[in-house]
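Worksheet: the structure to be examined is printed underneath.
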Protein chains: 2
Amino acid sequence: MMNITLKQLRYFEALTRHGHFGRAADTCAISQPALSVQIKELEETLGIVLFERSARHVRLTGFGQEFAERARVILRSVDELGDLARVAQDRMVGRLRIGVIPTVAPYLLPTLIQHLNAKHEGLDVHIRETLTQRLITELLDGRLDTAIVALPVSEPGLTETALFEEKFVLVRQAEDADAPVPSPEGMREMKLLLLEEGHCFRDQALSFCSLRPVLPRDGLDGSSLSTLVQMVGAGIGVTIIPEMAVPVETRSAPVSLARFPGEEPGRTIGMVWRKTSPLAPHLQNIAEVVRDAAEALADRHKDILPA
Amino acid sequence: MMNITLKQLRYFEALTRHGHFGRAADTCAISQPALSVQIKELEETLGIVLFERSARHVRLTGFGQEFAERARVILRSVDELGDLARVAQDRMVGRLRIGVIPTVAPYLLPTLIQHLNAKHEGLDVHIRETLTQRLITELLDGRLDTAIVALPVSEPGLTETALFEEKFVLVRQAEDADAPVPSPEGMREMKLLLLEEGHCFRDQALSFCSLRPVLPRDGLDGSSLSTLVQMVGAGIGVTIIPEMAVPVETRSAPVSLARFPGEEPGRTIGMVWRKTSPLAPHLQNIAEVVRDAAEALADRHKDILPA
DNA sequence: GGCAACGATAAGAAAAACCTATGATGAATA
DNA sequence: TATTCATCATAGGTTTTTCTTATCGTTGCC
């Protein structure tokens with residue numbers, strides 16, 4: 001009788017995530033038949049069927065679910081075994097999987113990647129850009145090593161460290177450049193454009209205006225900051241964006257910028273990782289590199305919108 | 001760059017246990033070069049040396065030790081994955097690794113194996129006979145599924161279940177058959193033959209006589225009950241043996257047997273396994289089979305030394 | 001009924017693992 | 001000091017495993 005192999009568990013795990021042989025095979029970088037065969041072999045070794053194949057769906061059996069949970073733990077432990085080794089040879093080399101939220105990624109990453117390559121030659125940086133919630137899931141699953149998100153996250157299994165503060169600024173039509181900046185309460189009277197549900201920045205903006213979460217209003221929710229700014233330029237309303245996005249997003253639309261007077265709204269961007277990660281000591285160093293990159297970026301653009 | 005495989009971890013683990021490429025290779029049922037190559041490949045994958053090879057010894061490096069701990073956990077989890085599957089298809093089949101202490105094994109096993117084969121066809125029973133302490137270690141390491149030992153064991157990670165009680169009986173020269181049976185205190189005046197250090201039965205016998213553990217007295221400690229009885233037959237002293245050993249051990253030596261009057265000394269034999277073992281539900285059944293076997297055995301010999 | 005999507009199967013090719021034979025090294029021994 | 005022995009590493013060729021491409025069979029859908 002055959003033996004269970006890690007390869008089989010990796011393929012199995014991919015299949016549980018995709019529920020689709022073809023796509024799972026793709027992410028494993030093998031052909032669909034290869035995956036089919038390995039899954040079958042795994043099932044034969046175990047003497048139990050793991051997946052229920054219907055013509056339309058591939059679903060885990062009851063036993064498969066229990067199996068999947070344990071398999072995931074094992075795979076993560078094995079990955080951590082590799083991480084452990086990387087830490088032990090005390091320079092940081094090899095793969096580093098970073099997740100970044102969409103309202104930070106496009107602005108920070110170019111600089112960050114440059115800095116990372118400079119400081120840690122031989123580091124193979126993988127980037128994943130998606131919403132906070134998904135990043136946290138993948139982090140806990142061991143599919144990411146760390147994530148850059150807005151703090152606080154308050155997830156028991158994770159350590160967080162602050163990277164930098166960023167203020168929010170008001171974006172209006174170019175003509176309104178000299179109009180007085182509304183107070184937070186005043187914002188409620190205006191047509192405020194927001195990101196779609198799920199973006200943390202949506203909630204942060206709403207909270208500044210002391211607005212309760214509202215249902216999506218068709219056509220008024222943008223899928224990116226870029227979209228929002230274009231809509232403002234077209235005279236549809238006003239919006240708020242984090243200052244880091246300013247240099248990139250306001251270049252190509254007829255909009256004016258303004259800081260809020262008094263207590264400026266803002267958020268803390270930070271890095272999180274699993275408390276148990278053997279990479280922990282190195283992630284502190286990586287966090288330092290991110291801070292440097294953010295600072296360099298802010299410095300470079302400090303004259304676009306002076307404090 | 002290569003990937004870590006379970007095979008490599010298994011080989012690695014064997015090598016940590018043996019500290020010797022040749023012997024480790026043997027237990028893995030492969031040639032020594034095959035093992036050498038896999039270990040080297042593992043080290044290259046990790047980018048770290050795991051073993052320090054001197055001409056005489058193979059020892060783990062500092063990192064190797066940490067690595068080994070985690071590897072063992074992983075291997076056990078994988079084995080349990082297999083066990084889980086076996087339990088799920090609700091008949092018990094496949095490998096079952098049972099450890100048995102030396103003062104029980106030779107008498108119980110023949111009957112037990114017979115019963116196991118009858119009740120669980122297709123069960124591949126592996127037996128390991130050694131001292132309690134070692135059995136417990138191997139059990140916690142996941143190298144055994146269960147062990148039959150004297151209770152209590154009182155190990156936090158283990159569950160215990162009683163199997164049967166057995167009394168101890170006095171073995172004297174054949175001529176002394178009609179002499180009065182000494183009291184426990186009386187035993188102290190006699191030349192009491194004991195098993196070597198490490199056997200739990202040695203301690204049980206000493207405790208009955210209210211003797212403090214004594215240092216080995218050259219030439220008077222036997223390595224098996226068989227040896228002790230032969231020594232008694234040769235007139236060197238007296239001894240105590242568990243009643244289960246009576247039919248086998250007293251057949252070939254000129255000795256007489258006697259029960260102790262009043263509160264008879266004895267011990268509880270039981271089965272233990274890891275609390276987390278997925279085999280747990282089945283092990284309860286196995287325990288039942290062991291009880292049956294012990295009862296059948298006692299029944300068969302009940303006239304040799306009536307209660 | 002025919003098409004499209006999907007997983008299973010088959011045959012041959014590529015990659016990985018293994019075995020036998022042999023080399024290299026260092027400790028024990030003569 | 002030379003020799004032997006034990007032990008791990010390396011090399012070449014073979015076997016085993018895994019993978020790819022091609023193809024089939026099924027099922028849902030228009």
Side-chain angles (χ1 to χ4, degrees), chain A residues 1-61 63-64 67-68 71 75 78 81-82, chain B residues 1-61 63-65 67-68 71 75 78 82:
Chain A
M1 176 61 71
M2 270 295 302
N3 249 322
I4 299 178
T5 68
L6 278 183
K7 232 180 231 182
Q8 288 171 348
L9 293 186
R10 290 229 149 84
Y11 295 171
F12 166 80
E13 197 270 343
L15 185 52
T16 60
R17 274 193 292 125
H18 289 97
H20 187 289
F21 279 73
R23 280 189 282 282
D26 278 350
T27 65
C28 297
I30 57 167
S31 66
Q32 170 264 312
L35 188 122
S36 275
V37 168
Q38 287 303 322
I39 296 293
K40 206 181 97 163
E41 223 147 69
L42 178 58
E43 290 180 327
E44 273 168 8
T45 304
L46 297 172
I48 285 209
V49 177
L50 293 168
F51 292 97
E52 175 191 323
R53 286 96 155 154
S54 80
R56 193 85 353 220
H57 294 290
V58 175
R59 262 196 242 85
L60 278 172
T61 60
F63 171 74
F67 189 87
L75 290 174
V78 173
L81 223 44
Chain B
M1 177 62 71
M2 270 296 301
N3 250 323
I4 298 177
T5 68
L6 278 183
K7 230 179 230 181
Q8 287 171 347
L9 293 187
R10 290 228 150 83
Y11 295 171
F12 166 80
E13 197 270 344
L15 185 52
T16 62
R17 275 193 292 121
H18 289 96
H20 187 288
F21 279 74
R23 280 190 280 282
D26 278 350
T27 64
C28 297
I30 57 166
S31 69
Q32 169 264 312
L35 187 124
S36 275
V37 168
Q38 288 303 322
I39 296 294
K40 205 181 94 159
E41 225 148 67
L42 178 58
E43 290 180 327
E44 274 168 9
T45 305
L46 297 171
I48 284 212
V49 177
L50 293 168
F51 292 97
E52 173 192 322
R53 287 95 154 156
S54 76
R56 193 87 351 220
H57 294 291
V58 175
R59 263 195 241 89
L60 279 171
T61 60
F63 170 74
Q65 291 177 16
F67 189 89
L75 290 174
V78 172

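A note on names: the letters A, B, ... follow the listed sequences, proteins ahead of strands, and every chain is numbered from 1.
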* Rounded distance in Å - NZ (B:Lys40) to P (C:dA16) -> 16 Å
* B:Ser36: partners by side chain to side chain donor-acceptor pair (under 3.5 Å), with sequence neighbours left out -> B:Gln32
* **Length of the line joining A:Gln32:CD and D:dT26:C1', which is rounded to integer Å** => 14 Å
* To do: Mind checking salt bridge (Lys or Arg N to Asp or Glu O under 4.0 Å) for B:Arg59 and listing every partner two or more places apart, or none if nothing turns up?
  => B:Glu52
* Structure fact -> Hits for salt bridge (Lys or Arg N to Asp or Glu O under 4.0 Å) against B:Glu41, two or more places apart or cross-chain, chain-then-number order -> none
* To do: May I ask you to evaluate whether B:Ser36 reaches the phosphate of D:dC8, defined as a side-chain N or O under 4.0 Å from OP1 or OP2?
  => no
* Please report, rounded to the nearest Å, how far the P atom of C:dA17 is from the CG atom of B:Leu9. => 13 Å
* **Sub-4.0 Å heavy-atom contacts from residues 12-25 of chain B onto DNA chain D, ordered by number** => B:His20, B:Phe21, B:Gly22
* **Any pair counted as ring-ring contact (aromatic ring centres under 6.0 Å, His included), so long as it reaches residues 4-30 of chain A, sequence neighbours left out** => A:Phe12-A:Phe51, A:Phe12-A:Phe67
* To do: Using the test salt bridge (Lys or Arg N to Asp or Glu O under 4.0 Å), find all partners of B:Arg53 that sit at least two apart in sequence or belong to another chain.
  => B:Glu43
* How close or far is atom C1' of D:dG25 from atom CZ of A:Arg53, stated in whole angstroms? -> 15 Å
* To do: Whole angstrom is fine here: how far is it from CG in B:Asn3 over to C1' in C:dA17?
  => 16 Å
* Five-pair end axes of the helix from C:dG1-D:dC30 to C:dA30-D:dT1 and the angle they enclose, rounded to 10° -> 20°
* To do: Any chance you could list the contact pattern along nucleotides 13-19 of chain D? Use B for base contacts, S for sugar-phosphate-only contacts and - for none, protein heavy atoms under 4.0 Å, 5' to 3'.
  => -----SS
* Please identify each residue that fulfils side-chain contact (heavy atoms from CB on, under 4.5 Å) with A:Ala34, with sequence neighbours left out. => A:Ile30, A:Ser31
* Structure fact -> side chain to side chain donor-acceptor pair (under 3.5 Å) filter on A:Arg17, not counting sequence neighbours, yields A:Glu13
